Asks: 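Have a look at this one before I ask anything.
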Amino acid sequence: MSKLQPARGTRDIYGEDARNMTAVVDTFRRVAGTYGFEELATPIFEFTEVYKRPLGEASDIVSKEMYTFEDRGGEEVTLRPEFTAGVCRAFISNGMQQKLPCRLMSHGPAFRYERPQKGRYRQFHQINAELLGQDSPEADIDMIAMAWRLLKDLGLGDKVMLHLNTLGDKESRADYRAALVAYFEGHKEKLSEDSLRRLESNPLRILDSKDESDKEVVANAPKLSEHLNDASSAFFETVKKGLEAVGVPYNHDERLVRGMDYYCHTAFEFVTTELGAQGTVLGGGRYDGLIEQLGGPAVAGVGWAGGIERLAMLSEAGGEPARPVVIMPMGEAGTMKGLEVAETLRGEGFVVTADRSGNMKKRMNRADKANAAFAVIIGDNEVEQGVVTLKRLDSGEQSEVAFADLATAIKTN
RNA sequence: GCGGGUAUAGCUCAGUUGGUUAGAGCACCAGAUUGUGAUUCUGGGGGCCGCCGGUUCAAAUCCGGUUACUCGCCCCA
């Protein structure tokens, strides 16, 4: 057992995992591209202020979830825990409000100092899409439709379910929050210890508590849908109608909430039951107050982020790598000719590697393990005659082929 | 930060009521075949039994601690 391990909550990604994750990102790029999104790569760390300001000093998030450091120049910096704040900062920094709307896609690592679990790492990877500068419900529909198309393209149409809710506008939210707190205050004796704390810090979170006694209390709690003002319910109705129009199945989940108060209207999550407690595979919503809170103009925003590891685990979209052609030169002349032949074949689009060490048996053995389709043997005999010995590894049959005919012979075999 | 489970070879795992040189399969290396693989046969390398301490004549095995992994809780921007 080696003592050299990656740091807690981090891991090396290679082989099948790497292929699956790459496939998720490739699919994301292609799909988001068809919705007019362009790439924005922000730094993976920012001044701590960028992440801290929208959250409020005292929250658990700031105090125990962020990777925060003081750098050598004495600056407080934080490894990005999510994409949205950094994207909004980039939007402000680069004056992007000059050409609204902005459709921005990003992907890469993010960091949270948490206890690792299945599908939850300290360094994890996300795909992220933000649509800035559209405050109409149709923008929300576009975003959800795009997420749904991505999930379907990843083969997850049957494995995930869309949970949808509205948080209403500022006024509706404040109204509801007050009603909710009043209700829970009257049922304190039945609430769990955790929820009593939440009553102070984040009452909406009591709604998705996993405690059985809490669930009983929640069942009769006032509903947000009963506290929506006209504008808010009209907004939500449009979103629902739009989803039906574009064929995205959804489930109105009144317990789906967001804690931070820059969120408004649409909140959604695509959830699977196949990943234990970490069922959310992609989630997002509308955050019209965020950019202003960061010190920018009043620009509306709606976006989502998806966990690449979780999506990759479910979809296994990576497939197998292309089968290589392995060059096996024998002798000096063969080695030189082998270099030349390899380059020619690569130019034709083949995956070509060379195995120049060991006896023929070893080389064949390695070629077999590499899942090679062909072995190309080039010895002194072959060089003299201007041919190679081409062996098809699946059948074991082999024949001599002129240099000039090699690419064609491989293609047609 | 809090609770449960697990820790034996590169991987997956056996290992009896504590008992003498700790096993298997797969993988790896070599040979049978010095220019022909995947099948077969023969042989081989590899383990401080996570770590530290305790009980005992004796610990992979029992006890305590610790670390890592894992499942859940908190949190989830």
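Sequence lines set the chain letters: A, B, ... in the order given, protein chains first and strands last, and positions in each chain run from 1. Because the structure is a prediction, the values reported are computed rather than measured.
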Asks: Taking the P atom of each, how far is B:rA7 from B:rG64, in whole Å?
Replies: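 Comparing P positions in B:rA7 and B:rG64 gives a spacing of 15 Å.
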Asks: How would you list all residue pairs meeting side-chain hydrogen bond (donor to acceptor under 3.5 Å, both in side chains) that involve residues 396-405 of chain A, not counting sequence neighbours?
Replies: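 The answer is A:Ser395-A:Glu397.
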Asks: Are A:Arg363 and B:rA38 close enough that a side-chain N or O sits under 4.0 Å from OP1 or OP2?
Replies: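 A:Arg363 to B:rA38 OP1/OP2: no side-chain N or O under 4.0 Å.
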Asks: Report which part of the nucleic acid A:Gly396 touches: base, sugar-phosphate, or nothing (heavy-atom distance under 4.0 Å, all strands).
Replies: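 Result for A:Gly396 = base.
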Asks: Expressed in whole Å, how much space separates the P atoms belonging to B:rU70 and B:rG65?
Replies: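 B:rU70 and B:rG65 have their P atoms separated by 23 Å.
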Asks: Take atom CD of A:Glu114 and atom P of B:rC75, then tell me their distance rounded to the nearest Å.
Replies: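 Whole-Å distance recorded here is 12 Å.
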Asks: Would you tabulate the nitrogen or oxygen pairs shorter than 3.5 Å linking the protein to nucleotides 25-32 of chain B?
Replies:
| from | atom 1 | to | atom 2 | distance (Å) |
| --- | --- | --- | --- | --- |
| B:rC28 | OP1 | A:Lys369 | NZ | 2.8 |
| B:rA30 | OP1 | A:Lys362 | NZ | 2.9 |

Asks: For A:Tyr287, report the nucleic acid contact type (base, sugar-phosphate, nothing); a contact means any heavy atom under 4.0 Å.
Replies: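 Result for A:Tyr287 = nothing.
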Asks: Check residues 161-170 of chain A and write down every donor-acceptor pair under 3.5 Å in which the side-chain atom is one partner and the other belongs to a residue at least two apart or another chain.
Replies:
| from | atom 1 | to | atom 2 | distance (Å) |
| --- | --- | --- | --- | --- |
| A:His163 | ND1 | A:Asp253 | OD2 | 3.0 |
| A:Asn165 | OD1 | A:His252 | NE2 | 3.2 |
| A:Asn165 | ND2 | A:Asp253 | O | 3.4 |
| A:Asn165 | ND2 | A:Glu254 | O | 3.4 |
| A:Asn165 | ND2 | A:Leu256 | O | 2.8 |
| A:Thr166 | OG1 | A:Gly168 | N | 3.1 |
| A:Asp169 | OD1 | A:Glu171 | N | 3.3 |
| A:Asp169 | OD1 | A:Ser172 | N | 2.9 |
| A:Asp169 | OD1 | A:Ser172 | OG | 3.0 |
| A:Asp169 | OD1 | A:Asn229 | ND2 | 3.1 |
| A:Asp169 | OD1 | A:Ser232 | OG | 3.3 |
| A:Asp169 | OD2 | A:Asn229 | ND2 | 3.0 |
| A:Asp169 | OD2 | A:Ser232 | OG | 3.3 |

Asks: When the P atoms of B:rC2 and B:rG45 are compared, how many Å lie between them, rounded to an integer?
Replies: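 Approximately 47 Å lies between the P atom of B:rG45 and that of B:rC2.
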Asks: Could you pull out the closest heavy-atom pair between A:Pro324 and A:Asn371, with the gap in Å?
Replies: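 Minimum heavy-atom contact is CD-O, 3.8 Å.
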Asks: Within a radius of less than 6.0 Å around CZ of A:Arg392, do more than 12 heavy atoms belonging to other residues, nucleotides or ligands occur?
Replies: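 Yes.
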Asks: Please list all pairs passing the salt bridge (charged side-chain N to carboxylate O under 4.0 Å, His left out) test where one or both residues lie in residues 282-306 of chain A, with sequence neighbours left out.
Replies: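 Passing the test, one end in residues 282-306 of chain A: A:Asp140-A:Arg286, A:Arg286-A:Asp288.
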Asks: If I pick the P atom on B:rU12 and the same atom on B:rG53, what distance separates them, to the nearest angstrom?
Replies: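 Going atom to atom, P in each nucleotide, I get 29 Å.
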Asks: Sub-3.5 Å donor-acceptor pair from the side chain of A:Arg173 to the main-chain atoms of A:Tyr263, do we have one?
Replies: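 Judged by distance alone, yes, a pair lies under 3.5 Å.
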Asks: What interatomic distance, in whole Å, is found between P of B:rU21 and the corresponding atom of B:rU8?
Replies: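 Straight-line distance between the two P atoms is 22 Å.
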Asks: Please report, rounded to the nearest Å, how far the C1' atom of B:rA77 is from the CG atom of A:Leu294.
Replies: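 Answer to the nearest Å: 11 Å.
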Asks: Which of residues 321-329 of chain A sit near RNA chain B, with a heavy atom under 4.0 Å from it?
Replies: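 None - not one residue of the stretch has a heavy atom sitting under 4.0 Å from the strand.
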Asks: If a pair satisfies side-chain hydrogen bond (donor to acceptor under 3.5 Å, both in side chains) and one of its residues is in residues 325-343 of chain A, list it, with sequence neighbours excluded.
Replies: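 Listed by first then second residue: A:Lys337-A:Glu340, A:Glu343-A:Arg346.
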Asks: If you look at every strand shown and take non-hydrogen atoms under 4.0 Å, does A:Arg53 touch a base, only sugar-phosphate, or nothing?
Replies: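 Since no nucleic acid heavy atom lies under 4.0 Å of A:Arg53, the category is nothing.
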Asks: Of all residues at least two apart in sequence or in a different chain, which pass the side-chain contact (heavy atoms from CB on, under 4.5 Å) check with A:Lys190?
Replies: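 Per chain and number, A:Lys190 pairs via side-chain contact (heavy atoms from CB on, under 4.5 Å) with A:Ser213, A:Glu216, A:Val217.
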Asks: Whole angstroms only, please: what is the CG-P distance between A:Asp194 and B:rC76?
Replies: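 In whole Å, B:rC76 P lies 12 Å from A:Asp194 CG.
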Asks: Tell me the interatomic distance from A:Asn381, atom CG, to B:rG35, atom C1', rounded to whole angstroms.
Replies: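 The answer, rounded to whole Å, is 9 Å.
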Asks: When the P atoms of B:rU33 and B:rA14 are considered, how many whole Å apart are they?
Replies: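 To the nearest whole Å, 41 Å.
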Asks: In whole angstrom, what separates A:Phe111's CZ from B:rC76's C1'?
Replies: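 Value for this atom pair: 17 Å.
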Asks: Tell me which nucleotide among B:rC74, B:rA38, B:rA77 gets nearest to the side chain of A:Asp368.
Replies: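 Between B:rC74, B:rA38, B:rA77, the one nearest the side chain of A:Asp368 would be B:rA38.
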Asks: Step through the shown structure and confirm whether more than 12 heavy atoms of other residues, nucleotides or ligands are within 6.0 Å of CZ on A:Arg366.
Replies: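 Yes, enclosed.
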Asks: Base of B:rG35, side chain of A:Gln398 - is there a donor-acceptor contact under 3.5 Å?
Replies: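 For A:Gln398, whose side chain was compared with the base of B:rG35, there is no donor-acceptor pair (under 3.5 Å).
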Asks: Can you find a donor-acceptor N/O pair under 3.5 angstrom joining the side chain of A:Arg120 to the base of B:rC75?
Replies: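 Side chain to base: pair found, below 3.5 Å.
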Asks: Just to verify, what does A:Arg115 make a salt bridge (charged side-chain N to carboxylate O under 4.0 Å, His left out) with, not counting sequence neighbours?
Replies: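 Expected list: none.
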Asks: Do A:Arg122 and A:Tyr67 meet the cation-pi criteria used here (NZ or CZ under 6.0 Å from the six-membered ring centre, within 45° of the axis)?
Replies: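 Judged by the rule, A:Arg122 and A:Tyr67 form no cation-pi pair.
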Asks: Go through the structure and list residues passing side-chain contact (heavy atoms from CB on, under 4.5 Å) with A:Ala312, not counting sequence neighbours.
Replies: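 So A:Ala312 forms a side-chain contact (heavy atoms from CB on, under 4.5 Å) with A:Asn20, A:Met21, A:Val24.
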Asks: When the P atoms of B:rG15 and B:rC71 are compared, how many Å lie between them, rounded to an integer?
Replies: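 That atom pair is separated by 24 Å.
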Asks: Within the structure shown, what part of the strands sits under 4.0 Å from A:Glu269 by heavy-atom distance: base, sugar-phosphate, or nothing?
Replies: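 A:Glu269: no heavy atom of the nucleic acid under 4.0 Å.
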Asks: Name each donor-acceptor pair under 3.5 Å that joins a side chain in residues 78-89 of chain A to protein atoms two or more places apart or in another chain, with its distance.
Replies:
| from | atom 1 | to | atom 2 | distance (Å) |
| --- | --- | --- | --- | --- |
| A:Thr78 | OG1 | A:Thr48 | OG1 | 2.8 |
| A:Thr78 | OG1 | A:Thr68 | OG1 | 3.0 |
| A:Arg80 | NE | A:Pro109 | O | 2.7 |
| A:Arg80 | NH1 | A:Thr42 | O | 3.3 |
| A:Arg80 | NH1 | A:Thr42 | OG1 | 3.4 |
| A:Arg80 | NH2 | A:Pro109 | O | 3.0 |
| A:Glu82 | OE2 | A:Ala85 | N | 3.3 |
| A:Thr84 | OG1 | A:Glu130 | OE2 | 2.8 |
| A:Arg89 | NE | A:Ser93 | OG | 3.1 |
| A:Arg89 | NH1 | A:Glu46 | OE1 | 2.9 |
| A:Arg89 | NH1 | A:Glu46 | OE2 | 2.6 |

Asks: Enumerate the residues from residues 384-391 of chain A whose closest heavy atom to RNA chain B is under 4.0 Å, giving them by residue number; use none for an empty result.
Replies: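 The answer is A:Thr389, A:Lys391.
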Asks: Could you state the atom-to-atom distance from CZ of A:Arg8 to P of B:rU67 in whole Å?
Replies: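 Rounded to the whole Å, the gap is 9 Å.
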Asks: Looking at A:Arg323 and A:Asp394, is there a salt bridge between them, counting it only when a charged N and a carboxylate O are closer than 4.0 Å?
Replies: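 Salt bridge flag = yes for A:Arg323 with A:Asp394.
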Asks: Treating A:Ser192 as the side-chain partner and A:Ser195 as the backbone partner, does any N or O pair qualify as donor plus acceptor under 3.5 Å?
Replies: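 Pair found, side chain donor or acceptor close to backbone of A:Ser195.
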Asks: For nucleotides B:rG54 and B:rC26, find the distance between their C1' atoms and express it as a whole number of Å.
Replies: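 B:rG54 and B:rC26 have their C1' atoms separated by 38 Å.
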Asks: May I ask you to decide if A:Ile13's main-chain N or O and A:Asp17's side chain share a donor-acceptor pair within less than 3.5 Å?
Replies: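 Answer holds: no.
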Asks: What integer distance in Å separates A:Gln117:CD from B:rG4:P?
Replies: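 Atom CD in A:Gln117 sits about 16 Å away from atom P in B:rG4.
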Asks: Show me, range against range, the stems involving RNA chain B, built from at least 3 consecutive Watson-Crick or G-U pairs below 3.5 Å.
Replies: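 The stems are B:1-7 with B:67-73, B:10-13 with B:23-26, B:28-32 with B:40-44, B:50-54 with B:62-66.
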Asks: Between B:rU39 atom C1' and A:Asp394 atom CG, what is the distance in whole Å?
Replies: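 Atom-to-atom, A:Asp394 to B:rU39, this comes out as 15 Å.
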